[in-house]
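Below is one structure; the comments refer to it alone.
Counting starts at 1 for both ligands and their atoms, in listed order. Here the structure is a predicted model, which means the values were calculated and not measured. Starting from 1, each residue takes its place in the sequence as its number.
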Amino acid sequence: MRLDAAIADATDRLRDVSESPRLDAEILLCRTINMPRAYLFAHPEDTLDDLTIDRFEDVLGRREAGVPMAYIMGIKEFWSHELVVSPATLVPRPETEILVNLAICEIPREANWQVLDLGTGSGAIAIAIACERRMCEVTAVDISEAALTVARENARLIAPGNVTCLLGDWTEPVSDRVFDLIVSNPPYVRADDEALTKLQHEPQSALVAGDDGLDAIRVLARDCVNILATGGAFMIEHGADQAADVANLLGEHGWTDVTCHNDLAGLPRVTVARRSGK
Ligand code: GLN
């Protein structure tokens, strides 16, 4: 089979599952033949041998079954870093860069703050902050040992020295410490949300948080206040329709200056609150 025919055929097969079927097909073929993308356009008449066709079929079949490109490739770009990802971690989303940006604006350039990232997954947020603010010590907590293995690897490769990964249930492994800033992208999808059918390859524990999607945020609103310095900020990602509920929850636990920020699509997605001085 010729390269151009293989791409056309694969593109057709990925149409239902991908928003960029041709790009996915090209990237998967490049990975299979271990060549840069330009090669596909320079040599459309090259033919694939049977062994290579089998190997292409293997990755194509996985993508056709809905496996995210990030899991097949084993990497995902976030905040200009190439992160290792595995099915044990959520695929980092571009929207989450809003949270990183807010965190970086909060931390003075030369500050040596203690920063906490709860539910770190692949370590995307913790590592982005650690890279932008080298003097800070970033602690990244996750309840999944498999996810932490990925986060540790990313920290070692991208931000060696100022990220520490700890296993545990939200604030439990750091309950005796005080942080200057706490960030989190917790699970916040409702258990009955139809969107989950498209997210079935990602860890459900990183996505779903009870019937109203607020179970994790409830715990964080209650517990983070005990480990944050007075005046310190707590920043949390949530669903576009949860801003009012999140603000109420935070208010119940005495948080002040509660402000919601929009993502690039104009949707309210990250809420910032402060620990009051009282
Ligand atoms: N933004 C993700 C999604 O809806 C959910 C991430 C999360 O629950 N933290 O696909």
Item to complete: Please determine if Glu202 and Arg93 form a salt bridge, counting it only when a charged side-chain N lies under 4.0 Å from a carboxylate O.
Response: yes
Worksheet item: Salt bridge or not for Glu57 and Arg13, using N-O below 4.0 Å?
Response: yes
Worksheet item: Does Glu106 pair with Arg274 as a salt bridge, N-O distance under 4.0 Å?
Response: yes
Worksheet item: Would you say Thr96 touches ligand 1, if touching means a heavy atom closer than 4.0 Å?
Response: no
Practice prompt. Answer with yes or no whether Pro186 contacts ligand 1, where contact means a heavy atom under 4.0 Å from a ligand atom.
Written response: yes
Discussion item. Could you tell me, atom by atom, which parts of ligand 1 come under 4.0 Å of a heavy atom of Leu199?
Written reply: 10 (O)
Item to complete: State plainly whether one hydrophobic cluster holds both Leu249 and Ile227, where clusters connect Ile, Leu, Val, Met, Phe, Trp and Tyr through side-chain heavy atoms under 4.5 angstrom apart.
Response: yes
Item to complete: Could you tell me which non-hydrogen atom of Glu97 sits nearest to which non-hydrogen atom of Trp79, and how far apart they are?
Response: OE2-N, 2.6 Å
Item to complete: Run through Pro173, Ser184, Cys165 and flag the one making a side-chain contact (heavy atoms from CB on, under 4.5 Å) with Val141.
Response: Pro173
Item to complete: Give the residue, atom name and distance (to 0.1 Å) of the protein heavy atom nearest atom 3 (C) of ligand 1.
Response: Arg93 NH2, 3.7 Å
Practice prompt. Do me a favour and list the nearest non-hydrogen protein atom to atom 1 (N) of ligand 1 with residue, atom name and distance?
Written response: Tyr188 OH, 2.9 Å
Worksheet entry | Ala206 touching ligand 1 at heavy-atom level, < 4.0 angstrom | yes
Worksheet item: Does even one non-hydrogen atom of Pro187 get within less than 4.0 Å of ligand 1?
Response: yes
